There are 2 protein chains.
Amino acid sequence: MTKVLIVDDEPQILRALRINLRARDYDVEVAADGASALRTASAYHPDLIVLDLGLPDMDGVDVIRGVRGWSDAPIIVLSGRAGSGDKVVALDAGADDYVTKPFGVDELLARMRAATRRHGAHSTRPTVVRIGAHTVDIANHRVSGGHPGDQDVRLTPTEWHLLSTLVRNPGRLVSQRQLLQEVWGPQYESETNYLRQYMAQLRRKLEPDPAHPRQLITEPGMGYRFLAPD
Amino acid sequence: MTKVLIVDDEPQILRALRINLRARDYDVEVAADGASALRTASAYHPDLIVLDLGLPDMDGVDVIRGVRGWSDAPIIVLSGRAGSGDKVVALDAGADDYVTKPFGVDELLARMRAATRRHGAHSTRPTVVRIGAHTVDIANHRVSGGHPGDQDVRLTPTEWHLLSTLVRNPGRLVSQRQLLQEVWGPQYESETNYLRQYMAQLRRKLEPDPAHPRQLITEPGMGYRFLAPD
DNA sequence: CATACCCGTCAAGACCGCGTCAAGAATCCG
DNA sequence: CGGATTCTTGACGCGGTCTTGACGGGTATG
């Protein structure tokens, strides 16, 4: 059953969507502000997020960025503002679709189907992988220390974003362009020095021998690749 | 470079989009009706399709279904009809997004970025081909070692470009001019020594007996040909 | 049989991309 | 307000890649 998180500050919209979606066999959770949205998302691990941008406590775009740091669940944005600028900012921050209010429920449902269909094949991806002696749990945002009793490894938000983008595509080549666009945004597509900088940091924190990486691999001129162990 | 196919029956929209997209470093092809859209799509293998539903010769939804039969490239639908029903039909037929005219170019570009970003992450079904003892995965840019346990073979960007151009046309003769234009650009059309150089490298890395190639074949005076096994 | 053309091969220098170090700017936190 | 962390930006050396030229052998041609 598909798990959906709905974030909106208007109670009647929350009610209407919850009823509609439950009737169509979705598993629904709701949140009414940005802080509880981020909290619920990390605890509930939804397969899809429907997000209203007009939240009382924080900017909806920051909610998108917060979720995108560790999850690639599809995000469909609802918004009262039809301006082109708002759409561009939300989509570039990591949203998958943008629907302006008022919207038809049929349309929203169709867009939800399209989003989950596209995302569907890989929904059973393992969320925990081993890198060197470390255990990386993408969903729960944790990297265990190398040996039992060791402290956890701390990663900065940017490091997380970069690492999770690679780990979500095990064995695949991820182009420099794609990484830069995903982590820093489309206007940074040529700043390859960022990649050099942060890949080096990830290797230093995760690889047993950072100078000779075995799992965070460089493909010269093209991109980077995460190799799962065995 | 991202390859985009634009399908629309209005010449001025075609022109405007082509100029805009080329300026932003997209590789653009166009089609003005459904039949040529399907033909161009199968020959050109676009990474993204922008499709107007109002075509003169056939229903746009049938174009979606026709493409979806063999490709999972993202499809963004343009339409003058804002009705909820049209959107549902198009999205359920396999479209990824639906934009109603008139639309802002900024918004379309942002939606295109979102679609390719999403698609790249869950990239295509593996298109694998065997050459000698190696397994070549074009989509994931990976060449397995000859025997289990062997290290992967590493190809440089130029080698990849050349090899993928040949493999995309299995069994067909690809002219020298075509190869040079695709890999090095139009101004290198007569530098056949580049081809000699890099074909030799590919054979050395992939063919069991590089001096007597069995799958990367020279057609003297004409071009080269990739022969699929069996 | 001589010649011209095309292809495969080798070699060497120019050039580019990557890893690394370092330092200033911005931001977060107490 | 001050210290620490994180992000941004620049520079440099090295190794690999690309470019370019030259040579020899094979094949078609007259």
Side-chain angles (χ1 to χ4, degrees), chain A residues 35 38 58-59 62 65-66 69 141 143 151-163 166 173-177 179-180 182-185 187-225, chain B residues 141 143 151-163 166 173-177 179-180 182-185 187-225:
Chain A
L38 288 173
M58 54 191 288
D59 188 348
D62 290 330
R65 294 206 183 91
H141 221 220
V143 177
Q151 274 208 321
D152 285 3
V153 175
R154 290 177 45 90
L155 297 183
T156 72
T158 307
E159 288 165 1
W160 258 114
H161 208 159
L162 181 59
L163 178 63
L166 284 170
L173 170 66
V174 187
S175 72
Q176 309 181 7
R177 192 174 180 172
L179 288 170
L180 288 164
E182 168 79 26
V183 178
W184 283 273
Q187 62 271 36
Y188 290 81
E189 268 184 7
S190 55
E191 304 281 340
T192 57
N193 45 334
Y194 287 11
L195 288 179
R196 297 207 299 275
Q197 177 70 17
Y198 278 91
M199 286 302 300
Q201 298 217 17
L202 285 176
R203 283 164 177 159
R204 210 171 304 141
K205 290 183 177 182
L206 299 176
E207 288 271 3
D209 179 4
H212 304 93
R214 319 216 22 136
Q215 298 187 254
L216 300 171
I217 308 295
T218 302
E219 299 285 353
M222 303 193 289
Y224 292 86
R225 184 196 307 277
Chain B
H141 287 240
V143 180
Q151 273 210 324
D152 284 4
V153 176
R154 306 204 35 202
L155 298 183
T156 72
T158 308
E159 288 164 1
W160 262 116
H161 208 157
L162 182 59
L163 178 63
L166 284 170
L173 169 66
V174 186
S175 72
Q176 305 181 358
R177 172 172 297 181
L179 289 169
L180 287 164
E182 166 79 23
V183 178
W184 282 273
Q187 63 270 38
Y188 289 80
E189 269 185 5
S190 54
E191 304 281 341
T192 57
N193 45 335
Y194 288 9
L195 289 180
R196 297 206 298 275
Q197 175 71 15
Y198 278 92
M199 286 303 299
Q201 298 215 16
L202 285 177
R203 284 164 177 160
R204 208 173 306 142
K205 290 184 176 181
L206 298 175
E207 289 271 4
D209 180 5
H212 303 92
R214 312 197 50 116
Q215 298 187 254
L216 299 171
I217 309 296
T218 303
E219 300 284 351
M222 320 249 313
Y224 292 86
R225 183 195 306 275

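Since this is a predicted model, take the numbers as computed values, not measurements. Reckoned from all heavy atoms, side chains included, excluding hydrogens, waters and symmetry mates. A, B, ... follow the sequence lines: proteins, then strands. Residue 1 opens every chain.
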Value in whole Å for how far the [atom2] atom of [N] lies from [atom1] of [X]:
X: A:Glu219; N: C:dG19; atom1: CD; atom2: P; result: 11 Å
X: B:Leu180; N: C:dC7; atom1: CG; atom2: P; result: 11 Å
X: B:Trp160; N: D:dC18; atom1: CH2; atom2: P; result: 14 Å
X: B:Glu207; N: C:dG8; atom1: CD; atom2: P; result: 12 Å
X: B:Ile217; N: C:dC7; atom1: CD1; atom2: C1'; result: 14 Å
X: A:Met222; N: C:dG17; atom1: CE; atom2: P; result: 13 Å
X: A:Arg203; N: C:dC18; atom1: CZ; atom2: P; result: 10 Å
X: A:Leu195; N: C:dC18; atom1: CG; atom2: C1'; result: 11 Å

Please check the phosphate of [N] (OP1 and OP2 only) for any side-chain N or O of [X] closer than 4.0 Å.
X: B:Arg196; N: C:dC6; result: no
X: B:Thr158; N: D:dC18; result: yes
X: B:Trp184; N: D:dC18; result: no
X: A:Tyr198; N: D:dT6; result: no
X: B:Thr218; N: C:dG8; result: yes
X: A:Tyr194; N: D:dC7; result: no

Could you tell me whether [X] contacts a base, only the sugar-phosphate backbone, or nothing, with contacts defined as non-hydrogen atoms closer than 4.0 Å?
X: B:Tyr224; value: sugar-phosphate
X: B:Gln197; value: base
X: A:Arg154; value: sugar-phosphate

Practice problem: Please examine the side chains of B:Leu173 and B:Met222, heavy atoms only from C-beta on, and report whether any two atoms are closer than 4.5 Å. | Solution: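 B:Met222 vs B:Leu173: side chains touch.
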Quiz item: Does A:Gln215 reach the main-chain N or O of A:Glu207 with its side chain, forming a donor-acceptor pair under 3.5 Å?
Solution: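 No, the answer is negative, given that no donor and acceptor are paired below the 3.5 Å cut-off.
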Quiz prompt | Backbone N/O of A:Glu219 and side chain of A:Arg225: donor-acceptor pair under 3.5 Å | solution =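 Pair absent, no side-chain N/O of A:Arg225 close to backbone of A:Glu219.
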Quiz item: To the side chain of A:Asn193, which of D:dT9, D:dT20, D:dC18 is closest?
Solution: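 Nearest to the side chain of A:Asn193 among the choices is D:dT9.
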Exercise. With the side chain of B:Ala211 defined as its heavy atoms from C-beta on, choose the nearest nucleotide among C:dT9, D:dC18, C:dT20.
Key: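 Selected nucleotide (nearest to the side chain): C:dT9.
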Quiz prompt | Residue whose closest nucleotide on DNA chain C lies nearer the 5' end, B:Gln176 versus B:Arg204 | solution =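 Its nucleotide being nearer the 5' end, the pick is B:Gln176.
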Practice problem: With A:Val183 as reference, evaluate A:Leu195, A:Thr158, A:Leu163 under the side-chain contact (heavy atoms from CB on, under 4.5 Å) test and give the passing residue. | Solution: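 Single pass found, and it is A:Thr158.
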Exercise. Applying side chain to side chain contact (heavy atoms under 4.5 Å, CB included), run through A:Leu166 and A:Met199 and close with a yes or a no.
Key: CA-CA 11 Å; A:Leu166 284 170; A:Met199 286 302 300; 3.8 Å; yes
